[in-house]
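Notes follow once the structure below has been shown.
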Amino acid sequence: MTGGSAPRLPPPPVPIRTERLTLRYITSDDLDALRYYQDPEVCRYLPFPTADEAALNTRVALMTQRVAPSEPDDVLSLAAVYDGALAGDVMLRLRTRADAETPPSVAEIGWAFAPSYAGRGLATEAATALVRLAFDHYPLHRLVAHLDPRNVRSSALCDRLGMTREAHLRQDWPEADGTWTDDLIYGLLREEWARG
Ligand SMILES: CC(C)(COP(=O)(O)OP(=O)(O)OC[C@H]1O[C@@H](n2cnc3c(N)ncnc32)[C@H](O)[C@@H]1OP(=O)(O)O)[C@@H](O)C(=O)NCCC(=O)NCCS
């Protein structure tokens, strides 16, 4: 949360239970389970490099603070716990609002799961709960996901969520090595979600 004035939006109603998962806040005790951020395969299409020990510590410390987004750029990070273990995490980042008086109305969503939990629909289940939270709890009008177009597992997940592939921006993301990556944008409107 950004400092200063009181939050405009209430904190999320966590823990959130789904058929197989519990979504809860991340704590410093989750550091070992979040070591998938040290796996180059997991980070291959993420907009930050594979974490070394210092970066992992910084990342987890940040995630533990992402509990009550209220202003643009505030983030919510939730652990997805399966069978007593952290299997992955999902995030919601508030983006824009119509004017200075209103809460943000657009948010970005994202996810990462440990490879050992892949292929069981767990990321889809967690992301579905995140979308439900986004539209039931926050006054959001629209959700977006930004993907490297080569990230086919993530784009399949967006498809499963019922998101629409809206744009393919060419060479939009600068890489550390001076090259450029395309940006695939998926969107989901509140009215589409409500229609099911
Ligand atoms: C993106 C990511 C979370 C997707 O993981 P995933 O395992 O493909 O997704 P799910 O957990 O939803 O599993 C879906 C698979 O389980 C299968 N499945 C089994 N039971 C299922 C169920 N009940 N519901 C849905 N799918 C189910 C699906 O058919 C699908 O199988 P497939 O891979 O053969 O098509 C994962 O690849 C990842 O963490 N990547 C690294 C981080 C990353 O790139 N994040 C995105 C940045 S934009």
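When a ligand or atom number is given, it counts from 1 through the structure's own listing order. Quantities reported herein were computed from a predicted structural model and do not represent experimental measurements. The figures here come from the full heavy-atom set of this structure, side chains too, leaving out hydrogens, waters and symmetry mates. When a residue number appears, it is its place in the shown sequence, counting from 1.
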Exercise for review: For ligand 1, find out whether one of its N or O atoms is nearer than 3.5 Å to an N or O atom of Leu147.
Suggested key: no

Check your understanding: Does Phe113 have Arg153 sitting over its ring (NZ/CZ under 6.0 Å from centre, angle to axis within 45°)?
Key -> no

Point to revise | Any N or O of Phe113 closer than 3.5 Å to N or O of ligand 1 | key: yes

Review point. Under 3.5 Å between some N or O of ligand 1 and some N or O of Leu46?
Key: no

Point to revise | Close N or O approach (Thr124, ligand 1; < 3.5 Å) | key: yes

Point to revise | Test item: side-chain donor near acceptor, Arg17 and Thr22, under 3.5 Å | key: yes

Practice item. Please check atom 23 (N) of ligand 1 for a protein heavy-atom neighbour under 4.0 Å. Key: yes

Check your understanding: Is Ser154 in polar range of ligand 1, meaning some N or O pair under 3.5 Å apart?
Key -> no

Review point. Is Arg20 near ligand 1, meaning one of its heavy atoms is under 4.0 Å from it?
Key: yes

Review point. For Arg160, is at least one N or O under 3.5 Å away from an N or O on ligand 1?
Key: yes

Review point. With only distance considered, is Ala123 within less than 3.5 Å of ligand 1 through an N or O on each side?
Key: yes

Review point. Counting both backbone and side chain atoms, is some N or O of Gly121 under 3.5 Å from an N or O of ligand 1?
Key: yes

**Study point:** Residues Glu71, Arg97: salt bridge by 4.0 Å N-O rule
**Key:** yes

Check your understanding: Do any non-hydrogen protein atoms sit less than 4.0 Å from atom 44 (O) of ligand 1?
Key -> yes

